[in-house]
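Below: the structure, in structure tokens.
Any value given below was found using the heavy atoms of this structure, including those in side chains, with hydrogens, waters and symmetry copies removed.
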Amino acid sequence: MKKPSTLRADFHMHTHYSSDCATPPERLVARCVEVGLSCIALTDHNTIKGALEVERMAPFKVIVAEEIKTPFGEITGLVLKEEVPPGLSPQETVARIKEQGGLVSIPHPFDRFRNSVLKYEALESILSQVDIIEVFNSR
């Protein structure tokens, strides 16, 4: 019996398209290959440009995603076809993600040091539509 291949993935990565990252797409792809990642979700802030660029050059699976700023904190949309504009309510952000057949993820919900964490009341209002909650973030 053939042993199944191992999935090595990271579902929260940024490129220089995000203000908190200086990594160019080419360097990100090279590093992913170097460490043996077979799938990534590229979650730049308020854009899918980096994800689309990496998707064109990567020899591994790239999930087009976006970490979207709402007035109450950030929400990540995965498996996107179009950008979701920042500044919408959490409910509208989730609706725009779901309209594309995307998945809703809550990034770094337990981080007490970031001001971008989704506020509890906002999380509670969309919780029934959340598909993924990030439980580990390298910071």
Working note: Leu123 + Lys119, criterion side chain to side chain contact (heavy atoms under 4.5 Å, CB included); need CA distance, chi angles, decisive distance, verdict. CA-CA 6 Å; Leu123 175 59; Lys119 305 288 182 257; over 6 Å; no
With a sphere of 6.0 Å drawn around NZ of Lys61, does it hold more than 12 non-hydrogen atoms of other residues, nucleotides or ligands? no
[atom2] on [Y] to [atom1] on [X], rounded to 0.5 Å:
| X | Y | atom1 | atom2 | value |
| --- | --- | --- | --- | --- |
| Glu67 | Glu74 | CD | CD | 4.0 Å |
| Tyr120 | Leu127 | OH | CG | 8.0 Å |
| Ile97 | Glu92 | CD1 | CD | 10.5 Å |
| Thr15 | Glu53 | OG1 | CD | 7.0 Å |
| Ile126 | Phe72 | CD1 | CZ | 11.5 Å |
| Leu7 | Cys39 | CG | SG | 6.0 Å |

Check: [Y] main-chain N/O paired with [X] side-chain donor or acceptor under 3.5 Å:
| X | Y | result |
| --- | --- | --- |
| Asn46 | Lys69 | yes |
| Ser18 | His45 | yes |
| His14 | Asp20 | no |
| Thr70 | Ser89 | no |

As a quick check of understanding, evaluate salt bridge (Lys or Arg N to Asp or Glu O under 4.0 Å) for Lys98 and Asp131, giving each step before the final call. CA-CA 10 Å; Lys98 294 292 187 177; Asp131 301 294; 2.7 Å; yes
Path from Leu88 to Val94 over hydrophobic side-chain contacts below 4.5 Å: yes
With hydrophobic residues grouped by side-chain heavy-atom distances under 4.5 Å, do Ile68 and Val64 end up in a single group? yes
Test question: given the 4.5 Å side-chain rule for I, L, V, M, F, W and Y, name all other residues clustered with Val62, or answer none. Met13, Leu28, Val29, Val33, Val35, Leu37, Ile40, Leu42, Val54, Met57, Phe60
Cluster membership besides Phe11, Ile/Leu/Val/Met/Phe/Trp/Tyr side chains within less than 4.5 angstrom, sorted by chain and number, is Ile63, Leu78, Val79, Leu103, Ile132
Please enumerate all residues that pass side-chain contact (heavy atoms from CB on, under 4.5 Å) together with Glu83, with sequence neighbours excluded. Thr47, Ile48, Lys49, Glu66
Over all atoms of both residues, closest heavy-atom pair of [X] and [Y]:
| X | Y | answer |
| --- | --- | --- |
| Ser105 | Pro107 | O-CD, 3.4 Å |
| Ala41 | Ala65 | CB-CB, 4.4 Å |
| Pro25 | Tyr17 | CG-CE1, 4.2 Å |

Evaluate His108 against His12 for side chain to side chain contact (heavy atoms under 4.5 Å, CB included), listing each step before the verdict. CA-CA 10 Å; His108 39 73; His12 190 154; 3.7 Å; yes
